[in-house]
Amino acid sequence: MSEVRSAYNPAEVEQKWTRQWFELALFDLTVDPEKPSFSIALPPPNITGDLHMGHALNGTLQDVLIRWKRMQGYNVLWQPGTDHAGISTQMVVERELKKEGKSRRDLGREAFVARVWEWRNEYGNRILNQYKRLGVSFNWDRLAFTMDDGYVRAIMRAFVTLFKEGFIYRGNRVTNWCPRCLTSLSDLEVEHEETRGHLYLIKYPLADGSGALTVATTRPESMFGDVAVAVHPDDPRYKQYIGKTVLLPISRRPLPVIADSYVDREFGTGALKITPAHDANDWEVGQRHDLPMPAVIDEHGRMIACEHVPVQFHELERFAARKEVVGELASEHLLVETQDYLHGLGYCERCHTVIEPLLSEQWYVKMKELAEPAIKVVEEERVVFVPPRYASTYLDWMYNIRDWCISRQLWWGHRIPVWTCRHCSNVDAFEKAPTACPQCASADLEQDPDVLDTWFSSALWPFATLGWPEKTEELKIFYPTSVLSTAREIINLWVARMIFTSLKFVGTIPFKHVLIHPVIQTADGKRMSKSKGNAIDPLVMIDKYGADANRFWFASLGVKGDQDVRFREDRLEEYRRFANKLWNAGRFVLDSLEGFAPKAIERDELTLADRWILNRFNHLLQDVHEGLRNYDFDDVAHALYDFTWDHFCDWYLEIAKVQLAQEQATGAEGQTRRVLQMVFEGLMRAMHPIMPFITEDLWQRLPKSPLFAELDSIMFAPFPREDQSFFDDDAEQKMTLLVRIIRAVRNIRQTYNVPASSEAEAIIYCLCDDERKSLILGQEYIKRLARVSPLTIAPDGIVPPMAAWEAISSMKVYVPLASLIDVDKSRSRLVQRQEAIQKDLLKVRQILENEEFRRRAPKEKVESLEAQRQDLERQASSVESQLKVLEMSEVS
RNA sequence: GGGCGGUUGGCGCAGUUGGUAGCGCACCACUUUGACAUAGUGGGGGCCACUGGUUCGAGUCCAGUACCGCCCACCA
C-alpha cells in the first residue's frame, strides 16, 4: 500500500510545492538563445486591489499558456508587476489620514507622496502574494512597478516625444470633473447610469416684452452661466426670434437668441439654453459663436459667489441650489412644467459622485493621427482579438476617437514634465528636471502641478517593463509579446492605448493576440462588487476547494463561450471531486507500479484494452494540443475530464485489475504496468498547465524515464504529444462492441433484479467470425465488469429457456434468469423500453419512406439510417420476446 | 440612441459543413467488490423562447418578435 491517504488534501500539497518551487527559484527567468520565445505581460493589478474572480480567472488562463509553452521548451517570460493606480491609491491614503483628522493639504505635497510610498511599500504587493495561492508561474524575479526608476524614464521619454512632436497640447475646455476627487477624468473614467431626474421647462421672456421662449433643461442651477438661447436655423417656430434678445429669468441678464444646427428640433421645446462653462456641447456652440463662458459652479460643485449668480444662491451646493432656483422660478411664474425624466448621468468611476462638467485647463493627447496605424493593425488582423467580435468594440472606439485628457489634479502619480519659465514664459517638456530655461537661461522655472492619468503609464506596460527606451536584450527576445489576456471593460481604456503607443514608440505591435475572457457574475447574474458585498473571494474558494479545482473551473469557462458567466459553487465542488478522483487513481497506479522501472512498450503483446486506452490517450493528447493552440481552454478541460474519469478510471483501470491479476497468476510479464505508467505519467504532464499542484505531486512519485531524472519539476518536463502510431481504429471498434455487451448484460441484470453480489450466467451467440474473435479476446473483461460466470461464446446454439436477451450487431446476448424475478417491475420497464423503441422506429421509418429523402439525401445517410432501422427492429423483437418470457414465467 | 451576447431537460451548459437531441450537477433504484461511497452500476426527465420563411429534412440557415444581460454614446 502507498503511504498516501485516500482523500486528497489540496492545502497540504499546495503549500509543499509552492515552498519547493520558490526555494529552488524555479520561476526565475532563464533564456536560451537557441530557443523560440513566448511572452505575456500580466495586466498589472492596482496596488490597492485584492485578488478578485477576474484576476483569478485571467491569471489561470495566462498560466495555462505559460506552463504549456514552458513545457514545450520555449523561452518563456511572464512579466508580473503592479500599477500605482493614481486616484485609487490617493483615496486610500487620504482616507487613512482622515482617521487621523488630517487632509493631504495639511501634510503638503512632498510629505503626502512620501506617505503614499510608505503605504505602497507595506501593502503594495499584497495582491501579488494572493496570486501565489493560485500557483501562477510569474517570473517572480522580474516584478515591475509603474513608478520604478526605469519605468519612469520610459514615461518621460514617451511624454516628451509626444510633446515635441505636437501631439500633446494644453486646452481650456469643458472636461469631466469629479467634485469629490477634485480632479479631471477622461471620458472612459466616467460611468453612465440611467438616473431618474426632471426636465424643467423654463420661460425666458423676450426683452421687447413680446412673449417668451421656453427652454428645456435638467440643470436649472446652471442657468446663471447661460450666454445665449439657441434654436435650429431651419425651425419655423423660432426663425423670427433669431437675433432677438431674451432675459435670463431671476437675474434679468440679456441673452442673444442664436441659430445653431446642433439643436435638436424634436427634443424638448426645440430651444436650448447655452452654458459654455458647464456643458461640453454648449462649450462647442459657444466657440462657434464666439460667446463668453462664465463659470458659475466651482470645483467643489458649489455656486460661485460672483456677479452672475444672484447673492441668495452664493456658495450653495449644486443640488441644493437646483431646488432653490426651481422654487424661485415657480414663484416668478416662469416654470412652465416639470417632467419626470430618465436620463443617462455621468458618475465618477472611483467614488460615484455625479460628474460636473467644468471648464478648466488640461493637457490632451491629439489622437486622430496616432489612432490611424492602430486601427490598421487590427483591421489587417496583425493584432487579432479572441473572440473576434471584440475587434469591433475596439474599432468603433478608435474610428470615433476623441482627444485624451491626460492631466489629473492629484499628487500621487507621475508629475507632468512640463516647466514654465517665470521669466520669459517659455513652456517646454523635459525628460529630466531642467536647471535653466533653454530660451532665456533663467533658473526660475515652475513645473506643472498636475500628474498624468494612470493609464498613460500603463499604456507603456508591455515595453516599458522590458527596458524601453533602452534597446535591451529582453525587448529583442520577448517583444512583441505573444498574447494579452484581459477583460473587455478595458479594451479601450488600456488595450487600445497599448497598441497606439507601441506603434508610435517601438514601431511594432505590442502583442499578437488579445484574449477577452468572460466576466464572472454572482450566482444570480449580478455584477460582483466589493462595496455591495456580493463579491466572492477567490482565496476563500481556494481554501475550500483547492487551487487546482478553482483553476480547472476557470479553464472550463474558456474565452470563446458566453461573455458573462455566473459563479457556481457546485462547479468548484465538482472539480474538487475530480481532483480527488485523480488522486485516488494515482494511488492505484502508484501501488501497481511499486518496484517498476519504465520499459518500452512491446507492441505485439498489447491486449485489446491496452491498445484501446493508448488509442484514446493519444487522441486526447492531440485534442489537448490543438485546443490550447486555439485558446479552446474549455474543450481542453472537458477532454481531460472525460478521458480521466470515463476512459481511464471507469474502463481501463477496471480492466487493468483483471490483467494484473492474470499476469500475476501466470507469472508472465505483461504490458499492463507499462501502459499504466505511460498513460498516467503522460496524463500528469498533459494536465499540468491546468492543475499544477496535484500533477506535480503525483508525477514526482511516479516511476519515470531516466530522461526526466535531472528535472526539478514537472513544469520543465516536455509537454506530451500524440504518437499517431498508437492510433488504432480496430481496437476502438472492438472495444466499443465489448462495452455494449457489458452494458447490455448489466442492463438485463438490473432490469430483472439479479443481485449485484451474485455471478450471472451469460450466453452469447455470434455468427460473425470477426466479432466472435473480439469477444473471445475480451471475455475476461466481460466476466469481471458484468459479473458474468460462466460465459459461453459460440457461433450459434440452443436458445436457453427463461432467458432475457438483447441483440447487438450480429450478436445475441442471453442471460438465463433465476427464479427470483420481480415480474411486474420487469414488465413495466420492458413496456417503457418498447414504447421508446417504437417511437424511434416510427421516426426512422417516416424518414425512410419519404421518396424525396431517398432521392436527394446522400447515400451514406440513407444507408446509416437503414442500418439504424434494422438495429431498432432487432431491439424491438428482443424486447417483445422478453415480455413473452415474463408471461411464460407467470403461467408456470 | 447604436452595437454585441444569451434564450436547449430542475440548475449550469455542449451541440462542428442542416440528417432520428448530448454532458455535468441534482433526482430515482441497486451496490460498501482490495484507487476512490468525494465512489460504482442502471434508470427517469427536453414539442431546443416565439412567429414566419428556405429545404425531402431546421436546435442548426434567413427574416421578424419578446425577454435577460453587457458595452458604447455630447440630445439639453
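Each chain gets a letter, A, B and so on, in the order its sequence line appears, and its residues count up from 1.
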*May I ask you to evaluate whether A/Y262 reaches the phosphate of B/A76, defined as a side-chain N or O under 4.0 Å from OP1 or OP2?*
no

_Rounded distance in Å between the P positions of B/C71 and B/U65_ = 24 Å

*Sort out the partner of B/C75 for me: Watson-Crick or G-U wobble, both distances under 3.5 Å, none otherwise.*
none

*For the side chain of A/R389, counting heavy atoms from C-beta on, which of B/U41, B/G5, B/G69 is nearest?*
B/G5

*asked:* Nearest to the side chain of A/W645, heavy atoms from C-beta on, is which of B/G3, B/G40, B/G42?
replied: B/G40

*Can you figure out which of B/G40, B/A76, B/U20 approaches the side chain of A/K581 most closely?*
B/G40

*Counterpart base for B/U41, defined by Watson-Crick or G-U wobble contacts under 3.5 Å*: B/A29

*Using a strict 4.0 Å threshold on nitrogen-to-oxygen distance, state whether A/R784 and A/E780 make a salt bridge.*
no

*Considering only atom C1', compute the distance from B/G42 to B/A58 and round it to an integer number of Å.*
34 Å

*Do you know the tightest heavy-atom contact between A/V246 and A/Y204?*
CG1-O, 3.8 Å

*What nucleic acid atoms does A/E489 come within less than 4.0 Å of, heavy atoms only: base, sugar-phosphate, or nothing?*
nothing

_Under 4.0 Å, counting only non-hydrogen atoms across every strand here, what does A/N580 touch: a base, just sugar-phosphate, or nothing?_
base

*Let me know, please, whether A/T218 or A/L653 comes out on the 5' side of the other along RNA chain B by nearest nucleotide.*
A/L653

*Taking CD1 from A/I694 and P from B/U38, how many angstroms apart are they, rounded to a whole number?*
17 Å

*Please examine the side chains of A/C649 and A/F588, heavy atoms only from C-beta on, and report whether any two atoms are closer than 4.5 Å.*
no

_Nearest to side-chain heavy atoms of A/W397, which nucleotide of B/A35, B/U41, B/A73_ = B/A73

_Using a heavy-atom cut-off of 4.0 Å across all strands, would you classify A/A280 as base, sugar-phosphate, or nothing?_
nothing

*Please confirm whether any donor atom in the side chain of A/K273 sits under 3.5 Å from an acceptor in the base of B/A76, or the reverse.*
no

*For A/F578, which residues count as a ring pair (Phe, Tyr, Trp, His ring centres under 6.0 Å) partner, sequence neighbours excluded?*
A/F552, A/Y641

*asked:* Less than 4.0 angstrom from a charged side-chain N to a carboxylate O is my criterion; do A/E574 and A/K581 meet it?
replied: no

_Which nucleotide wins on minimum distance to the side chain of A/R576, given the candidates B/U20, B/G42, B/U38?_
B/U38

*For A/V190 and for A/K843, locate the closest nucleotide of RNA chain B by heavy-atom distance; then report the residue assigned to the nucleotide nearer the 5' terminus.*
A/K843

*Which base, if any, makes a Watson-Crick or G-U wobble pair with B/U51, both distances under 3.5 Å?*
B/A63

*Checking all strands, does A/F567 fall into the base, sugar-phosphate, or nothing category for heavy-atom contacts under 4.0 angstrom?*
nothing

*Between B/G9 and B/A26, how far is it from one C1' atom to the other, in whole Å?*
12 Å

*asked:* Strictly below 4.0 Å: does A/R746 bring a side-chain N or O up to OP1 or OP2 of B/G40?
replied: no

*Within this structure, what is the CZ-to-P distance between A/F648 and B/G40, rounded to whole angstrom?*
14 Å

_Do A/L676 and A/F596 make a side-chain contact, defined as non-hydrogen atoms from C-beta onward lying under 4.5 Å apart?_
no

_Rounded distance in Å between the P positions of B/G3 and B/A63_ = 14 Å

*Reckon A/D650 touches a base, only the sugar-phosphate, or nothing at all at heavy-atom distances under 4.0 Å?*
sugar-phosphate

*A/E284 has an atom CD; how far is it from atom C1' of B/C74, in whole Å?*
8 Å

*Out of B/A26, B/A35, B/A76, whichever nucleotide has its closest atom nearest the side chain of A/R577*: B/A26

*asked:* Just the rounded figure in Å: distance from P of B/C36 to CG of A/L590.
replied: 14 Å

_Could you tell me how far apart A/R743 (CZ) and B/G43 (P) are, to the nearest whole angstrom?_
9 Å

*Look at the side-chain N and O atoms of A/N747 and state whether any lies under 4.0 Å from the OP1 or OP2 oxygen of B/G43.*
yes

_Any strand: nucleotide that pairs with B/G24 via Watson-Crick or wobble, under 3.5 Å_ = B/C11

*Atom P, compared across B/G59 and B/G18: separation rounded to whole Å*: 13 Å

_Separation between the P atoms of B/U41 and B/U33, rounded to whole Å_ = 16 Å

*Considering every strand shown, what is the Watson-Crick or G-U wobble mate of B/C70 when both distances are under 3.5 Å?*
B/G3

*Salt bridge between A/K861 and A/E863, side-chain N to carboxylate O under 4.0 Å?*
no

*Can you tell me, in whole Å, how much space there is between the C1' of B/C36 and that of B/A49?*
42 Å

*So which nucleotide from B/C74, B/A76, B/G40 ends up closest to the side chain of A/L272?*
B/A76

*Please state how far atom CZ in A/F578 lies from atom C1' in B/C23, giving the value in whole angstrom units.*
14 Å

_Less than 4.5 Å apart, side chain to side chain, heavy atoms only: is that true for A/K203 and A/P249?_
no

_Which label fits A/Y652 and A/F648: parallel for a plane angle under 30°, tilted from 30 to 60°, or perpendicular past 60°?_
parallel

_If I take atom CZ in residue A/R566 and atom P in nucleotide B/G24, what distance separates them, rounded to the nearest angstrom?_
23 Å

*In whole Å, what is the span from the CZ atom of A/R587 to the P atom of B/A35?*
9 Å

_Taking the C1' atom in each of B/U8 and B/C47, what is the distance between them to the nearest angstrom?_
12 Å

_Heavy atoms from C-beta onward define the side chain here; which of B/G5, B/C25, B/G42 lies closest to that of A/R571?_
B/C25

Under 3.5 Å, which protein N or O atoms sit close to an N or O of nucleotides 55-61 of chain B? Give each pair with its distance.
unit_1: B/C56; atom_1: OP1; unit_2: A/R856; atom_2: NE; d: 3.3
unit_1: B/C56; atom_1: OP1; unit_2: A/R856; atom_2: NH1; d: 2.5
unit_1: B/C56; atom_1: OP1; unit_2: A/R856; atom_2: NH2; d: 3.0
unit_1: B/C56; atom_1: O2'; unit_2: A/N850; atom_2: ND2; d: 2.7

*Just by distance, with hydrogens left out, do A/T275 and A/D226 show a side-chain donor and acceptor under 3.5 Å apart?*
yes

_ring pair (Phe, Tyr, Trp, His ring centres under 6.0 Å) partners for A/Y390, two or more places apart_ = none

